[in-house]
Structure formats: C-alpha cells, structure tokens
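Just below is one structure, and these are the notes that go with it.
Each residue takes its place number in the sequence, starting with 1.
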Amino acid sequence: MSKAFEELMPYLDKSMALQTARSLFEWDEQTMAPFEAADYTSKVIGIISDEYMKCLINDDVRKLIKKLKDEARQDKLTDKEKAIIKELDKTFEQLESIPPDEYRAFNELTSISNRAWAKAKKDNDYQVFAPHFKKIIEYKKKFASYRAKKGQSPYEVLLKDYEECLGIKELDIFFDKIKQEIVPLLKQVSKKSDTIDKTYNFLNYDIDKQKEFCKYLSGYIGFDFNKGVIAQSAHPFTLQLHNHDVRITNKYIENNLESAMFSIIHETGHALYEMNIDDSLTQTLAGTGTSMGMHESQSRFYENIIGRSKAFWTPIYDKLVDTYPENLKNITLDHFIKGINKSEPSLIRTEADELSYPLHIIIRYEIEKMIFADEVDVDKLPELWNEKYQEYLGITPTNDADGILQDTHWSFGEFGYFPSYAIGSAIASQLYAKIVEVMPVEEYLEEGNLTPIREFLRDNIHKYGTSKNTNQLLKDVTDEEFNADYYVNYLKDKYEKLYEL
Ligand code: ZN
C-alpha cells in the first residue's frame, strides 16, 4: 500500500464509521422510531454529521488526495485504491464547494420547503409551495455553478451527480427515441386496455399473508436473510451498512395485491447489488453501486423483466393462489400475467405501469432542463406540467396535487435524479439482451432456478462496486456502451405481443 494511502486510512475508517451511524439513524427514523423522536434525535444526528464533515473536509485530507491523485496518474495505486480516491475526490469536491453558512441555510430551507410542499399537496394549492420552490431553485443553481467546469451548464452538473456517463446530450437522444416510439405505442395500447381484466387485484388481501408471501418472494430471488432484514415503512427503500447488513422495507396495501409484491421484488434487486459487492470493497467509499442508474437497472431488471414474465411465475403461481384461494381460484396464470402487465396512462408516476413509466420521467426531465436554463417562470409550471401530460400520456391532471405536486423530490432540492429511473430500465433491457444470449433464461425460470442469473449479475456487475462506471460495465458485459435501442425494442416487442397489435 502506498504511504500516502496508509496515512489516509484512519480518516477513511472514521468517516465510514460515522456514516454507518448516520445510516442507522436514518433507518430507525423511517421504520421504528416514535413520531416525536426527531425533535431531540436530530441533535444527535447533527453532531454526527458535523464530525463526519470535520473528519473528511480538512487540509490533511486535501493534501493526501492531491498526492494520491498524482500517484494514481503514475499508476502507483491498486485498482481498489484508485476507485476509493476517485470517490473521495468527488465527495470532497461536493462537500467543500459550498460555504458552510450557505449549506446550513439551504438545509433549513429544505425542511421548511418540504413542509410547505406537504401542505400545498394536501390543500391542492401550488401557491403555498411556489415561493419556497423559487428559493430552492436559486440555491441549486448557485451550488451547481460552484462546481461547473468551463462551459458546463448547472443542470449538467446535477445530472452527473447521479450518472457520470450520461449528460444532457446523451439524455436528449435517449428520451427523443422513447418519445418517437413509445408515445404512439401507448396510444394504441390504451385503446385496448379494456380487453384486460384486473378487478381481482383490488379485492381484499390480508396484510399478514402479504407479508409472508413477500418474504418468500424475496428469498426466492436470492435475498440472504443472514445478511439482511425486511421492515415496513411509508415508502419502500433499500439501505446498506455493508455487504453483510443490507436492509429493505416494504409497504402493504390491503386492497392491492400487486403493490407490495412488486415493491419487494424491486427492493430485493437493489439489495442483491449491495450484498454482492466484493468483500475487499465493502466498508470503503467504493463499496456500493456505481450509479443511481445502474442501481435502478438491477431493481427494475428483477421487478419488470424477470418479475412480470410468465416463466418466473410458472413454478410459484400455485403458491400465490393457495395463499388467497377465495380471490384467485378462478384467475388463470395467463390471466394473472396479463393483469400484472396491463398498461393504462395514469397521472401518478409511482403507480405507472412499465410502458407508460418513462413518459413520466421525460416530463420531469424536460421541465427541470427548462428551469435550469431559465426558460420558464416557476409560477407557470403547473400549466406546463399539465400540457406535457396531455401531450405524452393523453390525460390532464384535474388538480395540482395529482399534477406537479405529486413527488416530494423537488421540495428537497433533488434535481437531476429522475432520469436515473428511466436509465435503469434501459440498462436492464441492454443487460437482459446479453443474458439471454449466454444462458436459457426462460428454462431456468420455469425450473425455479434463479441462481445462474444472480451469479451472472454478481460476477459482471455487482462485485465491482464503483471501481467501474456504468459505461465500463456495459462495455465489458455487452460489448457496447449505453444504448437505448434495447429498451425501446424490449417494450415494443412485449406490448405488441401482449395486446396483439
Ligand atoms: Zn429503486
């Protein structure tokens, strides 16, 4: 190990421990902590966060990063060390670029703004949120400008925080392709959506039975209960402390069979990524998924490509029917498969089906791009939102609560994040095209054998952590960089068959 890297280790270890503590509090807050705990626990979290900042952002670490970047250029570091220095440099730059007083003011603003958003959504009154939203946008523009390279737009800076390989240029091409191919397909499909009956899905499904079946599904896919747990929360999520402690949550709705099942498959996809990070990388800065987009590719691969296929359900559908015989005894496997793939344009992104989903993302992307290019007035955003829903999905929200106020992300200042969801679906399709070339996926699924698929992803994607970026991984696995054609072809093929177009 290089001498400079050895000197850096105590800083890395301490910041990792503090980060782990912070994550545990986050987990606790979302799952078990009583409602009023935050009033006082926030003080503890504040102190831990300050210590984390001090441990990482200081002159000693700055000097060591500079030295180690030189050593990396001279090829004096191992791949693992290079990966860690790259992540450290990124984190350092992000944290250091913002003056502490502005950072504090912004954090106060986001908590006020998030509360205003919740009230605005509840009362269906965009104007309650708009003044805070304007301030949030100003801060984000300023923060992005601190880090922008010459000629780089603020929105590009934000996008690259989530997916370093794809900027505005690449995303414009990606989303244009989807608009051209998927908008007309969705219009055709929605004319025939009445041909698929899905009423069975909205009968009463006992929550305890749902929990049991979801646990079974997660284990069936490969979740290791010696290295992970499942809890309940308002919104499903995955959180990892290291590769031996990966936690997922789920949400159960009594009159919706699908919701919890596909959420758990989705989160299990995220969890497998984190559980399969190589032991040599876990508990380091490089010991996590390489990007938001790649992470979403793993969850969406299992949720949509595997989890909504007939082959996946063939060996286990009887078990589902046996769990709820009164609701499902007359629903055949073919009927169920059509039901879980039914597509209908809807207003709410989180409930959208696989086909209409990317259009929800395009709308947010186009609006964010306009906001950061100063092309739209914040007061005019609800109108713009509604116009785009009409244009791409053929429906118009009747109120802002179901329109522009539906997602919480903007109230926290999270911009540039939405595209990762669509990027994830596209990467999943690209990987799938390769996987079916190298193994008989359908046959394996029909036998109930998911091990070869899991091992393929572990050995080609998961174990590398952040030591390879999205395009490097894709190039090594599929022989080409990100290519949206696979996604468009996958959707067209699947939905033309399903709806006999
Ligand atoms: Zn996800």
Side-chain angles (χ1 to χ4, degrees), residues 182 185-206 209-210 212-214 216-221 253 255-266 268-269 299-346 351-357 425 428-429 432-433 435-436 439-450 452-453 487-501:
I182 303 304
L185 177 60
L186 187 69
K187 286 193 174 129
Q188 274 180 288
V189 164
S190 59
K191 274 186 216 143
K192 294 185 83 174
S193 80
D194 289 346
T195 56
I196 294 180
D197 160 65
K198 202 174 163 168
T199 46
Y200 69 86
N201 186 60
F202 306 104
L203 301 172
N204 204 291
Y205 290 90
D206 179 73
K209 284 185 185 171
Q210 287 200 42
E212 207 181 300
F213 194 82
C214 284
Y216 164 75
L217 269 181
S218 187
Y220 182 77
I221 295 166
I253 305 171
N255 53 0
N256 192 330
L257 170 65
E258 270 177 31
S259 175
M261 288 200 305
F262 287 96
S263 289
I264 205 71
I265 299 177
H266 181 100
T268 302
S299 54
R300 278 157 204 277
F301 174 79
Y302 278 105
E303 178 193 348
N304 294 326
I305 299 181
I306 299 295
R308 293 183 200 272
S309 72
K310 187 176 173 184
F312 174 78
W313 285 98
T314 298
I316 60 174
Y317 183 62
D318 283 348
K319 189 178 163 69
L320 182 67
V321 175
D322 289 344
T323 308
Y324 313 104
E326 64 288 2
N327 293 346
L328 298 177
K329 63 176 184 292
N330 294 324
I331 307 298
T332 62
L333 174 60
D334 283 323
H335 186 164
F336 175 74
I337 296 304
K338 283 194 172 176
I340 59 178
N341 287 294
K342 180 171 179 163
S343 170
E344 227 169 352
S346 65
E351 289 157 25
D353 57 80
E354 194 182 358
L355 180 65
S356 61
Y357 190 86
S425 296
S429 308
Y432 182 61
I435 296 174
V436 293
M439 66 177 82
V441 174
E442 242 183 77
E443 215 173 282
Y444 285 152
L445 289 175
E446 281 166 358
E447 291 165 3
N449 178 14
L450 278 84
I453 301 169
Y487 183 38
V488 170
N489 292 340
Y490 161 80
L491 287 174
K492 280 171 74 176
D493 189 50
K494 176 168 179 172
Y495 281 90
E496 279 167 6
K497 270 192 204 131
L498 192 74
Y499 281 91
E500 295 163 16
L501 297 173

Which atom pair, heavy atoms only, marks the closest approach of [X] to [Y]?
X: L355; Y: I182; result: O-CG2, 3.6 Å
X: P345; Y: S190; result: CD-CB, 3.5 Å
X: T268; Y: S218; result: OG1-OG, 2.9 Å
X: I340; Y: G307; result: CD1-O, 4.1 Å
X: S259; Y: I253; result: OG-CD1, 3.5 Å
X: I306; Y: S309; result: O-OG, 2.7 Å

Could you state the interatomic distance from [atom1] ([X]) to [atom2] ([Y]), rounded to the nearest 0.5 Å?
X: Y357; Y: E351; atom1: OH; atom2: CD; result: 12.0 Å
X: E500; Y: L498; atom1: CD; atom2: CG; result: 8.5 Å
X: E344; Y: S193; atom1: CD; atom2: OG; result: 4.0 Å
X: K209; Y: L257; atom1: NZ; atom2: CG; result: 12.0 Å
X: E258; Y: N201; atom1: CD; atom2: CG; result: 4.5 Å
X: M261; Y: W313; atom1: CE; atom2: CH2; result: 4.0 Å

Quick one, [X] and [Y] - any side-chain contact, counting heavy atoms below 4.5 Å?
X: N255; Y: Y205; result: no
X: F262; Y: E354; result: no
X: I453; Y: L445; result: yes

So, for F213 and Y216, is the gap between ring centers shorter than 6.0 Å?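 Yes: the rings meet the under 6.0 Å criterion.
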Provide the full list of side-chain hydrogen bond (donor to acceptor under 3.5 Å, both in side chains) pairs with a residue in residues 331-342, sequence neighbours left out, each pair given once.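 Qualifying pairs, neighbours excluded: D197-H335, K310-D334, N341-K494.
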Between S429 (side chain) and S425 (backbone), is there a donor-acceptor pair under 3.5 Å?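 A pair under 3.5 Å: yes.
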Please answer whether the main-chain N or O of S343 pairs with a side-chain N or O of Y499 as donor and acceptor at a distance below 3.5 Å.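 Flag set: sc Y499 to bb S343 pair under 3.5 Å.
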Test ring pair (Phe, Tyr, Trp, His ring centres under 6.0 Å) applied to F312 and Y220, step by step: CA-CA 11 Å; F312 174 78; Y220 182 77; 5.8 Å; yes
Under the side-chain contact (heavy atoms from CB on, under 4.5 Å) rule, what do I221 and I264 come out as? Steps first, then yes or no, please. CA-CA 10 Å; I221 295 166; I264 205 71; over 6 Å; no
Please determine whether side-chain contact (heavy atoms from CB on, under 4.5 Å) holds for the pair Y302 and L217, giving the CA-CA distance in whole Å, both sets of side-chain angles, and the decisive distance to 0.1 Å. CA-CA 11 Å; Y302 278 105; L217 269 181; over 6 Å; no
Can you establish whether the number of heavy atoms outside E212 located under 6.0 Å from its atom CD is more than 12?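 It does not: E212 CD has 12 such atoms or fewer within range.
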Please check if the number of heavy atoms outside E442 that lie under 6.0 Å from its CD is greater than 12.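 At most 12 heavy atoms, drawn from other residues, nucleotides or ligands, come within 6.0 Å of this atom.
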side-chain contact (heavy atoms from CB on, under 4.5 Å) between Q188 and Y495: does it pass, once the steps are laid out? CA-CA 10 Å; Q188 274 180 288; Y495 281 90; over 6 Å; no
Which atom pairs, donor and acceptor, lie under 3.5 Å between side-chain atoms of residues 320-328 and protein residues at least two apart or in another chain?
unit_1 : atom_1 : unit_2 : atom_2 : d
T323   : OG1    : K319   : O      : 2.6
Y324   : OH     : Q210   : N      : 3.3
N327   : ND2    : N204   : O      : 2.8

